[in-house]
Amino acid sequence: MDRKNLCINIFSAERKNAVALCVLPLLFVFLVIAVAFLPTSVSGDGSVNLRTLEVSGFPISIVIEHSGGVVRSAWLRTPAGARELQAAVGLSLADEHRSFVKADHDNEKDLLWRLSFMNFEGEGVNYWIGMTSFARKVFVTSAPFELTRWNSVPAMIEVPKGTSLCIASATPHYSLLANKFSGKDSYSFIYTVRMTQDGPRFVPVPSVYKQLAMLLRAGMQGEVSHKKRAAYVKMLTEFNRLADGKAPQAETLLNFPMEDVDSFTLKR
């Protein structure tokens with residue numbers, strides 16, 4: 001990557017294929033400093049900056065118009081035109097990560113590009129932008145983001161190249177449990193995302209779920225809420241199933257927060 005990623009909680013700062021689970025209480029202090037040193041072009045009144053993110057070898061880029069680090073508009077620019085990333089408006093770019101995998105029918109690299117936007121309250125949105133080389137198709141997916149208890153876990157997770165993490169804002173809605181649990185005091189479900197010929201998708205990666213199961217098992221030991229603990233037990237059971245290579249259960253799939261925003265094919 002062109003610059004060092006900020007390690008904001010569970011957002012992946014890939015270093016030797018490791019994802020860091022950490023806390024930076026002064027997150028936006030770092031963001032303001034980072035923005036201050038980014039190359040920008042300033043408008044005539046000096047109040048608005050433009051930042052362009054590009055990926056070498058791919059004809060797509062992200063253009064962000066921001067003021068004081070807060071996004072005023074964000075666009076995915078392609079040879080087929082520009083698409084606005086509307087959910088990013090009013091947030092700050094907190095992290096971005098590029099993965100290169102072979103997902104379609106040729107030997108060329110395909111792109112999985114995650115961009116994370118967040119506000120001061122720890123809420124925001126993740127965008128995953130994928131592009132396949134054979135069909136030259138571009139995919140845009142998104143998911144809302146909210147800080148959870150995972151963001152206070154000081155741990156490292158080894159992830160394979162080409163894998164991204166999607167943290168749901170809550171536990172799945174399990175039968176016999178009236179509520180889902182969310183917020184900074186609750187663990188939530190974590191999904192492994194990989195690029196496929198149909199775009200960014202939930203693809204269970206057993207090695208990651210083995211690590212998540214260990215962390216959840218340790219973290220739930222001190223939980224005093226019986227209902228919340230019951231949800232964690234079900235979630236731990238699913239982590240163990242996915243670690244064994246089994247198919248995800250219905251509650252897991254129904255809780256998956258990623259949505260397809262757009263897809264289109266570029267002319268050769």
Side-chain angles (χ1 to χ4, degrees), residues 1-14 19-40 47-55 60-78 82-99 111-131 138-148 150-151 164-170 182-184 188 190-191 193 195 199-200 256-262:
M1 295 181 59
D2 297 332
R3 64 183 182 84
K4 182 181 290 183
N5 283 341
L6 296 178
C7 176
I8 53 170
N9 304 304
I10 199 168
F11 291 140
S12 59
E14 187 170 275
V19 172
L21 302 177
C22 60
V23 176
L24 292 182
L26 300 180
L27 167 64
F28 279 94
V29 173
F30 283 88
L31 287 177
V32 170
I33 294 174
V35 169
F37 287 95
L38 290 172
T40 58
S47 62
V48 177
N49 295 322
L50 291 178
R51 183 183 177 193
T52 301
L53 304 174
E54 299 177 327
V55 181
I60 60 176
S61 61
I62 303 293
V63 179
I64 299 174
E65 180 187 44
H66 62 92
S67 178
V70 177
V71 176
R72 296 180 53 168
S73 68
W75 297 83
L76 169 63
R77 188 172 61 187
T78 78
R83 269 72 171 176
E84 186 175 11
L85 306 179
Q86 296 180 344
V89 176
L91 306 174
S92 295
L93 177 62
D95 185 45
E96 59 121 355
H97 179 257
R98 300 103 181 265
S99 298
L111 172 68
L112 178 62
W113 190 7
R114 178 183 51 74
L115 299 105
S116 302
F117 298 87
M118 184 186 288
N119 62 18
F120 283 95
E121 286 71 43
E123 300 173 341
V125 64
N126 286 329
Y127 277 101
W128 285 266
I129 297 170
M131 181 176 175
V138 178
F139 304 86
V140 182
T141 61
S142 70
F145 175 82
E146 180 182 350
L147 291 176
T148 71
W150 286 113
N151 301 100
S164 179
L165 298 184
C166 175
I167 311 169
S169 59
S182 62
K184 297 179 182 179
S188 62
I190 297 181
Y191 295 84
V193 177
M195 185 62 186
F256 186 49
M258 286 178 62
E259 295 183 356
D260 293 331
V261 177
D262 200 359

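Model, not experiment: these values are computed from the prediction. Throughout, numbering of the chain's residues begins at 1 and tracks the sequence.
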Ignoring hydrogens, what is the shortest heavy-atom contact between S142 and V261? Give both atom names and the distance. OG-CG2, 3.5 Å

Check whether any side-chain heavy atom of V71 lies under 4.5 Å from a side-chain heavy atom of L85, and answer yes or no. no

Quick check: closest heavy atoms across P200 and M258, and the distance to 0.1 Å? CB-CE, 4.1 Å

Would you give the length of the straight line joining atom CG of L115 to atom CZ of R98, rounded to the nearest 0.5 angstrom? 8.0 Å

For L91 against G124, the heavy-atom pair lying closest together: CD1-CA, 3.9 Å

I'd like to check S116 versus F145 (side-chain heavy atoms, cut-off strictly below 4.5 Å). Are they in contact? no

Is there a donor-acceptor pair closer than 3.5 Å between any side-chain N or O of S92 and the backbone N or O of G69? yes

To the nearest 0.5 Å, tell me how far H97 NE2 sits from W128 CH2. 12.5 Å

By ring-ring contact (aromatic ring centres under 6.0 Å, His included), which residues pair with F139, not counting sequence neighbours? none

Is the shortest side-chain heavy-atom distance between I62 and L93 below 4.5 Å? no

Would you check if R77 and T52 make a side-chain contact, meaning some heavy-atom pair closer than 4.5 Å? yes

Using side-chain hydrogen bond (donor to acceptor under 3.5 Å, both in side chains) as the criterion, list what pairs up with Y127, not counting sequence neighbours. none

Nearest-0.5 Å distance that lies between atom CG in L147 and atom OG in S182: 11.5 Å

Distance from R114 atom CZ to S99 atom OG, nearest 0.5 Å? 8.5 Å

Could you measure the distance from the CG atom of L76 to the CH2 atom of W113? Nearest 0.5 Å is fine. 7.5 Å

Which residues pass the side-chain hydrogen bond (donor to acceptor under 3.5 Å, both in side chains) test with E65, sequence neighbours left out? S73

So which atom in M118 and which in A94 form the shortest heavy-atom distance, rounded to 0.1 Å? CB-CB, 4.4 Å

How close do S67 and R72 get, counting heavy atoms only, and between which atoms? CB-CD, 3.7 Å

Here the pair of heavy atoms bringing E146 nearest to N151 is O-OD1, 4.5 Å

Calculate, to the nearest 0.5 Å, the distance between atoms OG1 and CD1 belonging to T141 and I129 respectively. 8.5 Å

Has S188 got a side-chain atom pairing as donor or acceptor with S169's backbone, closer than 3.5 angstrom? no

Close side-chain approach of M131 and T78, heavy atoms under 4.5 Å: no

